[in-house]
Engineer: 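A single structure is presented below for examination.
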Amino acid sequence: MAQYLETTYRNPLIEEVWADPAVTGPDDDGFYWSYATDDDHEPLPRRLFKVARSRDLVHWETHPPGTEAGAFAAPIPNYGRYRAAWAPDIRRLGATGWRFYGTLKFDDHEDAGPEGHGIFVAPSSGPTGFTEPTILQRGPGFTTIDPCFYHSTVLGRNFLYWGSGHAPILGQELTEDGLGFAPGSVPRAVLAPTLGDWSDRLWEGVHVIENPLTREPIMLASKVDTWVGPYQAFALRGGAHPLDPFTPAPSPAPLLAENAAWNRCGQVFVQADAIGQPWLFYHAVRGDQVIPGTESLEANGRRGIPLRQMCMERLLFDSAGFPYVEGGGPSSTLKTGPVVLRRA
C-alpha cells in the first residue's frame, strides 16, 4: 500500500456547526468536499450552504477560498427573505458535471399551503460555483425537504427521494443528467410514518445505498426529533425496484443510536475512501453543547440550540450485505480512519 496512506481520527471531524453533512469526491485535484445546512440559528455570516474540503476525509478546511459565501456563485431567485438552506446532497455524474440537490425556504413560503419548503437541483462543472437552480418540488410545511440522489447500477437509472414533516418519504425517477424528473414519472410513497406512535411518527434525512451482495437498495433514514431527541438512524430493506416500499430490517436495533457521550445523531451520508471502504458521515451533539450565543434562546422545550457537529464511523456489512456500525453509535476514542492516496 505504498501509494496509500492510512489515517486516524477522533470525533468530531468539524468543530463548528455542521448539520446535515454531505460528502463527495475526490475531485480532479484530490479534494473531498463536504456541504452542510445553514440556517437562522447559526453564527454569521450567512451562506448559501456551507462548504469544506479535505485531502483525507479527516482534516477539513471550512469555507475555503471561493466558498466564503457558500456553494453558490450567485443569488437564487425567490430566496433571501428566510435563512434556511438545508440538507444538501451533491453528486458528480460523470461527463455531465456536478449536481447539487438541496432544500430552501422561499420568499413566498406558506406554512400551511402547498408552497412550503421546496427541493431543487443546480449544476456546476466542479464542486463549487453552482448556478441556475431548478425547483423540483414544493409541498406543505416540512414535507418536501432533505433530497437524496440514488443511482441504481442494476437499472442504470437515477432516482430522487425526499420527505419529512410526518408525511411519507417519496421517491421519483430522474432524467439521465439528473436535472429533472423523468417524463411520465410520478412520486411514489416508499416509507410511511406511524402517526399514532411517538417513536415512529417521523422519518427524514434519507440516504440510499446498494446492498453490496444483492445490489438492492438500502435506505438509511433518521427519526424522531433532531432538536430534542432521541434521534437515531435506521437501515431499511428495499425491493427489486428502487421505488418499491422500504421495510424494517429483521433486527430492530438502530444503525446509529445515542450513547452517553453523543446524542441526536442522524442525517447520515456514505462516502467511499480511496480503496472503496464506505464511511458513514453524520451529525451529532456532544452532551448538552449548544451553539455559542444561543444559550438564552428557548427552543422545543430546551434552552440553547444544539451544536450539531460532523462525525464519522466505518460502515460495515454483515453476511447478508446489511450495514452496521461497530458499537452501534458515535465513537469518542481515536480510531483507524479512511485510506487515502499518498500525495508527494
Side-chain angles (χ1 to χ4, degrees), residues 7 9-27 31-39 41-43 47-64 67 70-72 84-92 98-103 119 127-128 130 145-150 161-162 164 204-209 220-222 226-227 231-233 255-256 258 262-273 278-286 289 291 305-315 323 325 329-331 337-338:
T7 65
Y9 78 98
R10 189 194 305 268
N11 287 322
L13 302 179
I14 296 179
E15 292 279 352
E16 64 183 271
V17 187
W18 212 262
D20 310 330
V23 178
T24 190
D27 64 12
F31 282 107
Y32 295 90
W33 293 83
S34 179
Y35 310 81
T37 283
D38 184 86
D39 67 22
H41 307 299
E42 302 179 15
R47 295 181 172 94
L48 255 173
F49 298 95
K50 290 182 288 190
V51 181
R53 67 181 181 182
S54 171
R55 294 283 192 189
D56 59 7
L57 294 170
V58 174
H59 304 93
W60 292 88
E61 176 191 9
T62 59
H63 322 298
T67 70
F72 283 77
W86 295 344
D89 186 333
I90 294 79
R91 308 296 174 113
R92 187 177 188 178
W98 298 65
R99 302 289 180 262
F100 192 114
Y101 302 91
T103 306
I119 54 174
T128 61
F130 293 91
I145 65 173
D146 297 5
C148 162
F149 174 91
Y150 172 66
Y161 302 90
W162 69 90
S164 182
E204 65 181 13
V206 302
H207 185 74
V208 180
I209 60 174
L220 312 180
S222 300
T226 189
W227 296 109
Y231 198 57
Q232 304 170 332
L255 172 70
L256 198 68
E258 298 176 333
W262 293 93
N263 55 80
R264 284 160 283 185
C265 48
Q267 292 278 345
V268 304
F269 202 98
V270 178
Q271 170 65 37
D273 65 13
W279 293 85
L280 188 76
F281 293 84
Y282 61 96
H283 73 231
V285 179
R286 185 162 43 183
Q289 286 191 326
I291 298 173
I305 305 300
L307 176 57
R308 296 177 290 176
Q309 299 172 309
M310 186 170 82
C311 299
M312 174 177 70
E313 310 297 332
R314 171 82 184 276
L315 190 64
V325 168
S331 61

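Bear in mind that the values here come from a model prediction, so they are computed numbers and not experimental data.
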Engineer: Hey, does Asp146 have a side-chain heavy atom less than 4.5 Å from the side chain of Trp162?
Structural biologist: no
Engineer: Nearest heavy-atom pair of Gln267 and Ala87: which atoms, and what distance?
Structural biologist: OE1-CB, 4.4 Å
Engineer: Return the minimal non-hydrogen interatomic distance between Ala71 and Phe100, and the atom names on each side.
Structural biologist: CB-CE1, 3.6 Å
Engineer: So do Asp38 and Leu48 actually touch side chain to side chain, heavy atoms under 4.5 Å?
Structural biologist: no
Engineer: With distance as the sole test, does Glu258 use its side chain to make a donor-acceptor pair with the main-chain N or O of Tyr231 at under 3.5 Å?
Structural biologist: yes
Engineer: For a side chain to side chain contact (heavy atoms under 4.5 Å, CB included) check, start with the C-alpha distance between Val23 and Trp60, then their side-chain angles and the critical distance, and finish with the verdict.
Structural biologist: CA-CA 11 Å; Val23 178; Trp60 292 88; 4.1 Å; yes
Engineer: What residues form a side-chain hydrogen bond (donor to acceptor under 3.5 Å, both in side chains) with Ser164, not counting sequence neighbours?
Structural biologist: Glu204
Engineer: Quick check: closest heavy atoms across Pro21 and Met310, and the distance to 0.1 Å?
Structural biologist: CB-SD, 3.5 Å
Engineer: From Leu280 CG over to Leu220 CG, what is the distance, rounded to the nearest 0.5 angstrom?
Structural biologist: 7.0 Å
Engineer: What pairs with Ala233 under side-chain contact (heavy atoms from CB on, under 4.5 Å), at least two apart in sequence or on another chain?
Structural biologist: Ser222, Leu256, Val268
Engineer: So, do Trp98 and Thr24 sit near enough that their side-chain heavy atoms are less than 4.5 Å apart?
Structural biologist: yes
Engineer: Output all residues satisfying salt bridge (charged side-chain N to carboxylate O under 4.0 Å, His left out) with Glu42, sequence neighbours left out; order by chain, then residue number.
Structural biologist: Lys50
Engineer: Measure the shortest side-chain to side-chain distance between Phe281 and Ser34 over non-hydrogen atoms and say whether it is less than 4.5 angstrom.
Structural biologist: no
Engineer: First locate atom OG1 of Thr128, then atom CZ of Phe31, and finally report the distance between them rounded to the nearest 0.5 Å.
Structural biologist: 11.5 Å
Engineer: Sequence neighbours excluded, which residues qualify as side-chain hydrogen bond (donor to acceptor under 3.5 Å, both in side chains) partners of His59?
Structural biologist: Asp56
Engineer: Check side-chain hydrogen bond (donor to acceptor under 3.5 Å, both in side chains) between Glu61 and all other residues, then give those that pass, not counting sequence neighbours.
Structural biologist: Arg53
Engineer: Just to verify, what does Arg92 make a salt bridge (charged side-chain N to carboxylate O under 4.0 Å, His left out) with, not counting sequence neighbours?
Structural biologist: Asp28
Engineer: Rounded to the nearest 0.5 Å, what's the gap from CD1 on Ile209 to CD on Gln271? Could you check?
Structural biologist: 12.5 Å
Engineer: Any heavy-atom pair between the side chains of Arg264 and Trp227 that's under 4.5 Å?
Structural biologist: no
Engineer: Within the 4.5 Å heavy-atom criterion, are Pro338 and Met312 side-chain neighbours or not?
Structural biologist: yes
Engineer: Holding to side-chain contact (heavy atoms from CB on, under 4.5 Å), I want the full list of residues that pass it with Pro26, two or more places apart in sequence or in another chain.
Structural biologist: Tyr32
Engineer: Mind telling me whether Tyr161 and Tyr150 have parallel, tilted or perpendicular rings, with 30° and 60° as the class edges?
Structural biologist: tilted
Engineer: What residues, two or more places apart in sequence or in another chain, satisfy side-chain contact (heavy atoms from CB on, under 4.5 Å) together with Arg10?
Structural biologist: Leu334
Engineer: Taking the six-membered ring for Trp, are Phe130 and Phe72 parallel (under 30°), tilted (30 to 60°) or perpendicular (over 60°)?
Structural biologist: tilted
Engineer: Out of curiosity, Ile14 CD1 to Gln309 CD, how far, rounded to the nearest 0.5 Å?
Structural biologist: 9.5 Å
Engineer: Which label fits His207 and Phe269: parallel for a plane angle under 30°, tilted from 30 to 60°, or perpendicular past 60°?
Structural biologist: tilted
Engineer: Can a side-chain donor-acceptor contact be found between Asp27 and Trp33 if the only test is distance below 3.5 angstrom?
Structural biologist: yes
Engineer: Is Leu57 close to Asp273 at the side-chain level, that is, under 4.5 Å between some pair of heavy atoms?
Structural biologist: yes
Engineer: Taking only residues two or more places apart in sequence, or in another chain, which ones meet Arg55 in a side-chain hydrogen bond (donor to acceptor under 3.5 Å, both in side chains)?
Structural biologist: none
Engineer: Please find the pair of heavy atoms, one from Ala284 and one from Cys311, that lie closest to each other, and give the distance.
Structural biologist: CB-SG, 4.3 Å
Engineer: Sequence neighbours left out, what passes ring-ring contact (aromatic ring centres under 6.0 Å, His included) with Trp262? Give chain and number order.
Structural biologist: none
Engineer: If I compare all heavy atoms of Val51 with all of Gly70, which pair ends up nearest, and what's the gap?
Structural biologist: CG2-C, 3.9 Å
Engineer: Side-chain contact test, heavy atoms from C-beta onward, threshold under 4.5 Å: evaluate it for Arg286 versus Asn11 and give yes or no.
Structural biologist: no
Engineer: Could you tell me which non-hydrogen atom of Leu315 sits nearest to which non-hydrogen atom of Leu255, and how far apart they are?
Structural biologist: CD1-CD1, 4.1 Å
Engineer: Do Glu16 and Thr62 have side-chain N/O donor and acceptor atoms under 3.5 Å apart?
Structural biologist: yes
Engineer: Considering residues at least two apart in sequence or located in another chain, which fulfil the side-chain contact (heavy atoms from CB on, under 4.5 Å) criterion with Ala19?
Structural biologist: Thr37, His283, Arg308
Engineer: Quick one: does Glu313's side chain have a donor or acceptor within less than 3.5 Å of a partner on Ser331's backbone?
Structural biologist: yes
Engineer: Does Arg91 have any salt bridge (charged side-chain N to carboxylate O under 4.0 Å, His left out) partners at least two apart in sequence or in another chain, and if so, which?
Structural biologist: Asp89
